[in-house]
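We name chains A, B, ... by the order of the sequence lines, and we start the count at 1 in each one.
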Amino acid sequence: MNYEYKKIEEKWQKIWDEKKTFAAKNDFTMPKFYGLVEFPYPSGQGLHVGHPRSYTAIDIVARKKRLQGFNVLYPMGWDAFGLPSENYAIKNHIHPSVVTKNNVANFKKQLKSLGFSFDWDREINTTDPEYYKWTQWIFLQLYKNGLAYKKEMSVNWCTSCKCVLANEEVVNGVCERCGSEVAHKEKSQWMLKITAYADKLIDGLDTVNFIDRVKTQQRNWIGRSYGTQLKFGTTLGDSFEVYTTRADTLFGATYTVISPEHPLISKWADKITNIDAVKAYQEESAKKSDFERTEMSKDKTGVKLEGVMAINPVNGKEIPIFISDYVLISYGTGAIMAVPAHDTRDYEFAKKFDIPMIEVVAGGDISKEAFTDCNTGIMVNSDFLNGLTVDEAKVKMQEWLTEKGIGEKKTNFKLRDWVFSRQRYWGEPIPMVYCEKCGYVPLPESELPLTLPNVESYEPTDNGESPLAKMTEWVNTTCPHCGGQAKRETDTMPQWAGSSWYFLRYCDPHNDKELASKEALEYWGPVDWYNGGMEHTTLHLLYSRFWHLFLHDIGVVPTAEPYAKRTSHGMILGENGEKMSKSRGNVVNPDDIIRDYGADTMRVYEMFLGDFEKAAPWSQSSIKGSKRFLDKVFSLADIFVDGDTYSKELETDFHKVIKKVTEDIENLKMNTAIASLMSLLNNIYEKGSINRAELKTFITLLNPFAPHITEELWEICGFEGMLNETTWPTFDESKCVDSTVEIAVQVNGKIKARISVPADISSNEAISLAKAENAVSEAISGKTVIKELYVPKRLVNIVVK
RNA sequence: GCGGGUGUGGCGGAAUUGGCAGACGCGCUAGCCUUAGGAGCUAGUGUCACCGAUGUGCAGGUUCAAGUCCUGUCACCCGCACCA
C-alpha cells in the first residue's frame, strides 16, 4: 500500500477539528495535565521550523497523557502586540489590527497542518480588548498596591524603535529587538516594582522543577548579595553611606569612590577645590553609551575630590574620595569603600592612581594581584580582627558596626525595577489619567477595557511622545476623581504585558466577569509543564513569575508559582550550522517540508534530530530517514496477521520498548524513544509479520509522534473506535528482561570472547563457562589467576599475572 | 573577569550512571532490481602496519574495569558583565 501522507493528514485534521477531539474537558474531578508552550508572536514571515520543535515535544507529552487518562489542557494563542506589526502597518498604511488578523490566520493554518492537539476553543489573542481588559485590570491592581509608579529617570532609549527599553531588553548595549544603539534619555516612565519581589523570585526557585540553567540564570540576573551598609564621616562634618560585602576588610580601606551621578557632588560643590575637573568628568561619563561603558571597562578612570576627605569609622583615618564611573549610582548606595589589597577593581584603580594598599587578609601576594579569596585567608593589620578567618571577621565587624550605630546588615539586588511604558501605538493603553489637581488617577475598573483609538498615523515621534498623544479627542478626558479636565496616559504597555498572565486566561478564556474563575484556576493551576526558549529566561519567564506572585498575594490565583516545571529546547540552526535568518539565506520553511514529506515526517524528524535541549543543525538529507521509517510503518498493514497476544519472539522487545518510550517522553528524550521504535520495527520486519496485539501497541506508542499515520493504520486494520480513544500500553517489568543474554569475557580487561548464558546464571557457572572458551584458556594458561569476577548480564573478567 | 554548559566515526547523535564504546538515523561502498532514479532491496562501514592492536579534546591518576570518578590543561558555545 502507498503512504499518501497528504490525503491522510488532511483527512484526520478535519475529523479532529469537527469532533473537537482535543478540547479540554470541564470535568474538574479528573486528574489534570496542563501543558504549555510559549504562544508565538504572529509575524509576517509565518512559522519558523524552530516553533514546531517545542510545540511537537509538548504535543507528544499531551497526547500521551490523554491516552493515560488525564484531562489535558494544551492551548494556543497569539502574543500579537508588538513592533513588527506596527512597523509593517506604518510602511503599508494598513491598520496593525488588520496585519495581525492576517498573520494569525496564516499561523493558525500552518499550526493546524502540523496536527498539533491544541484546544482551539481556548484560543486567545493579547490584542483582543476582551483579553487586554484583564491585562489593564492587573495593572490597576499593581497600581493600587503601590507596585506601579511614575518616575522621572534616565532610561534606555532605542534610537531606531524610538522607544524606551527595560533593562532586560538591552543586550550588549544594543536593543534586543533591532540591534540599534541604546542611548540614555531623561523621561518620566511608568515603573513596576519588581524589586519588591526580588526575594520571592529567588526563593521561589527552590520550590519549582525548572532546569538548572534557567534557575541559575534567574538567580544571577536578580543578583542577591548579603552585605553591610555603613557610614563614613567626612572632613566637612557630614557623612555618606557605602555598601560592602567585605566589612571584614574595613581596616584595609584606603580610599572611597562615589559614582559620577552621586548627589553629594552638588552638595559639596562649593567646597571642592577642583570642581571644574570633577564636572568635566561627570559630563564625560554621562555622554558614554552603555556600549562604550562596557567596552572601556578595563581601563579605570576617575578624579580625586580635593577639599574633602572621608573618615574611616573603624580607625578614624582620613582617606581620599574619588569619583569614578566604575561605581554605579543604581546599585547599593552609589558609593563604595575601596580596599585595593582585596578587590580586583580597587586594585587596578589604586595602581593607576598610586594609592597605598594595606593587606588585611594574609595568604596572597598583593604585590602581584588583589587577594580576594574568602576561604583561606587569615586577618592581619586589623586590630580586634587579627587572627580570625574572613567569615569570622565579617560577623565580628558587623557586630561592632551595629553596636556603634555605624552600619547595619543589608541585602542588595542587581535587579532593577521594570520600565513599563512604551512610546508606541500597538500596545495595551495604560489605564491612567493625569489630572492637574489630583495627579495620576486610575481609571475605574468599570471603564475597562480602555480601547486603542483609531489613529491616522502610527509613526513614532522623535521627541519621545507616543503616537497616541496626537489623538486629542481620545487624550482629553475628565478626571475620574474630581471630574475636572484631565489627560489620558498616552504611553502603552510593553510587549511583555500580555504574556505575563496569558496562561491563566486559557483556564477560562471566555469569562467576562473575572480574568478566570476561581474554580478553573484552582483546577488547572499551576501549569504542569512549560517549555520555551532560553532567551525568555530573564524576560517573559521572570516577568510572569512576578505577576503571578503578586496575583497570589492579592488572592487572585491559588499558587505562588505559575509553573511547576520548565524545560527549554535548543535552537534549530541552518544547514551550515549558523542561526537561521533571511540574510544568511538558510531559512527552511515548514510548509515546504510538510508538502514534500508530510507533517508526521516533519514531527518525527524534528524530534529525532538530536538532544532536545541542545542546538542542532537542520539537515535536508536526514529527513529522508524519518520518511523511510514512516513508509515502513505504513507497510506494516501488508504483513498484518491474526493474534491477540505478543508473539514469543517479540514479547520481551515490546515490553522493553513500551517502557523506553513511556519513560523517554517524560524526560523529553524523544530521539531515543524514536530510535527504539525504529529498532523494534527492524525486528518486526526481520520476523516477517506483526499481529493485532503488536500492531495495536506499536501504533499507539508511535501515535504521539506521528498522529495522522497511526490513526489511519488504526482504521485500516479495523480496530475499534479511534486511536485517540484507546489507552496507553503498559509494560511488565519482569517481562523486560531476556532469558538468555550474551556476555563478554575479558582477561585483564581485554575482550577475548562472547558467550551466551541464561540470564540468571550463577557467578561460578558463568566463570567456568567463560574459562572453557578457547581464546580464554589460551590467554590464561601458564599464568596465575588473581581474581575472577562476574557482573550479572554484563561480563566475566579474569585477572591473571 | 564571574556564572552555566559542551567536547565521542565523514555527519546528527546513543551508551541502563563505573561493566562489550559508536544504539538509531544520515552519508558512503559493493551487489541486486529497474527504461531510468535524488526510488526500493541485500550486505558492509571508527582507525591502522586488518589472525592483532588501537580508539570518546589533551596530560596524569584511582580501579579487575573509566566516555563515565579524581587532578591538571586546552578549545568552543551560551548568559551576565566594573553589582562593591
Under 4.0 Å: is that the gap between some side-chain N or O of Ser225(A) and OP1 or OP2 of A84(B)? yes
So Ala615(A), base contact, sugar-phosphate only, or nothing? Heavy-atom distance under 4.0 Å. sugar-phosphate
Of the nucleotides A84(B), G7(B), C82(B), which one has an atom closest to the side chain of Tyr331(A)? A84(B)
From CG of Asp611(A) across to P of G67(B) the rounded distance in Å is 21 Å
Contacts of Asp760(A) meeting side chain to side chain contact (heavy atoms under 4.5 Å, CB included) (sequence neighbours excluded), chain-then-number -> Pro758(A)
Select base, sugar-phosphate, or nothing to describe what Leu609(A) touches, counting heavy atoms under 4.0 Å on all strands. sugar-phosphate
With nearest nucleotide decided by heavy atoms, which residue, Asn682(A) or Thr244(A), maps closer to the 5′ end of RNA chain B? Asn682(A)
Syn/anti state of U17(B) by chi, 90° boundary around 0: syn
Nucleotide nearest Phe608(A) (side chain, heavy atoms from C-beta), chosen from C24(B), A84(B), G19(B): C24(B)
5′-ward residue of the pair Thr216(A)/Ser619(A) relative to RNA chain B: Thr216(A)
Measuring only the C1' atom in each nucleotide, how far is G25(B) from C32(B)? A whole number of Å is fine. 23 Å
Determine the Euclidean distance between corresponding P atoms of U34(B) and G12(B); express it in Å to zero decimal places. 38 Å
Can a salt bridge be assigned to the pair Arg628(A) and Asp631(A) using a cut-off of 4.0 Å between side-chain N and carboxylate O? no
Across the strands shown, which category fits Ser621(A) at heavy-atom distances under 4.0 angstrom: base, sugar-phosphate, nothing? sugar-phosphate
Could you state the atom-to-atom distance from CD1 of Ile786(A) to P of U63(B) in whole Å? 14 Å
G46(B) and U29(B): how far apart are their C1' atoms, nearest whole angstrom? 16 Å
Separation of the P atoms in G79(B) and C11(B), to the nearest angstrom: 26 Å
Is G9(B) syn or is it anti, if syn means the base angle is within 90 degrees of 0? syn
Does Arg628(A) have a side-chain nitrogen or oxygen under 4.0 Å from the phosphate oxygens OP1 or OP2 of G40(B)? yes
OP1 or OP2 of A23(B) less than 4.0 angstrom from a side-chain nitrogen or oxygen of Asn671(A), does that happen here? no
P gap between C78(B) and A15(B), integer Å: 25 Å
Any salt bridge linking Arg53(A) with Glu613(A)? Criterion: basic side-chain nitrogen under 4.0 Å from a carboxylate oxygen. no
Of all the nucleotides listed (U6(B), C80(B), G3(B)), which has the minimum atom distance to the side chain of Trp221(A)? C80(B)
Identify whether the distance between the nearest side-chain nitrogen and carboxylate oxygen of Lys793(A) and Asp738(A) falls below 4.0 Å. no
Starting from C1' on A14(B), measure out to CG on Leu677(A) and report it in whole angstrom. 15 Å
Whole-angstrom distance between U42(B) and U56(B), as gauged at atom P: 34 Å
Pick base, sugar-phosphate or nothing for Ile751(A), based on heavy-atom distances below 4.0 Å to the nucleic acid. sugar-phosphate
Expressed in whole Å, how much space separates the C1' atoms belonging to C64(B) and G72(B)? 26 Å
Angle class for the Phe349(A)/Tyr255(A) ring planes (parallel below 30°, perpendicular above 60°, tilted otherwise)? parallel
Checking the side chain of Asn797(A) only, and the main-chain atoms of Gly749(A) only, is there a donor and an acceptor separated by less than 3.5 Å? yes
May I have the distance from Asp299(A) (atom CG) to G1(B) (atom P), rounded to whole angstrom? 17 Å
Quick one: classify the glycosidic conformation of C33(B) as syn or anti, with syn meaning within 90° of 0. anti
Which nucleotide in U6(B), C24(B), A84(B) has an atom nearest any side-chain atom of Ala675(A): C24(B)
The single option from Glu168(A), Glu169(A), His536(A) passing side-chain hydrogen bond (donor to acceptor under 3.5 Å, both in side chains) against Trp496(A): Glu169(A)
Considering every strand and a 4.0 Å limit on heavy-atom distances, what is the contact class for Ser676(A): base, sugar-phosphate, or nothing? nothing
Return the value, rounded to whole Å, for the distance between atom NZ of Lys627(A) and atom C1' of C24(B). 19 Å
Got a donor-acceptor pair under 3.5 Å from the side chain of Lys300(A) to the base of C82(B)? yes
For Leu541(A) and G79(B), what is the distance between atoms CG and C1' respectively, to the nearest whole Å? 14 Å
Side chain of Asn797(A): nearest nucleotide among A84(B), C64(B), A23(B)? C64(B)
Could you give the CG-to-P distance, from Asn2(A) to A39(B), as a whole number of Å? 16 Å
Please assess Asp346(A) against Tyr326(A) for the test side chain to side chain donor-acceptor pair (under 3.5 Å), listing each intermediate value before the final yes or no. CA-CA 9 Å; Asp346(A) 298 346; Tyr326(A) 87 86; 2.7 Å; yes
Between Tyr597(A) and Tyr605(A), is the ring centre distance below 6.0 Å? no
From NZ of Lys414(A) over to P of A84(B), roughly how many Å is that when rounded to an integer? 7 Å
Is it the case that more than 12 heavy atoms not belonging to Lys687(A) sit under 6.0 Å from its NZ atom? yes
Note, RNA chain B 5' to 3' with Watson-Crick or G-U pairs under 3.5 Å encoded as ( ), [ ], | and . gives (((((((..(((......[....)))((((((.......))))))(((...)))..(((((..]....))))))))))))....
Could you work out the separation of G61(B) and C50(B) based on their C1' atoms and round it to a whole Å? 33 Å
Using a heavy-atom cut-off of 4.0 Å across all strands, would you classify Glu788(A) as base, sugar-phosphate, or nothing? nothing
With a 4.0 Å cutoff (strictly under), does any side-chain N or O of Lys624(A) reach OP1 or OP2 of A39(B)? no
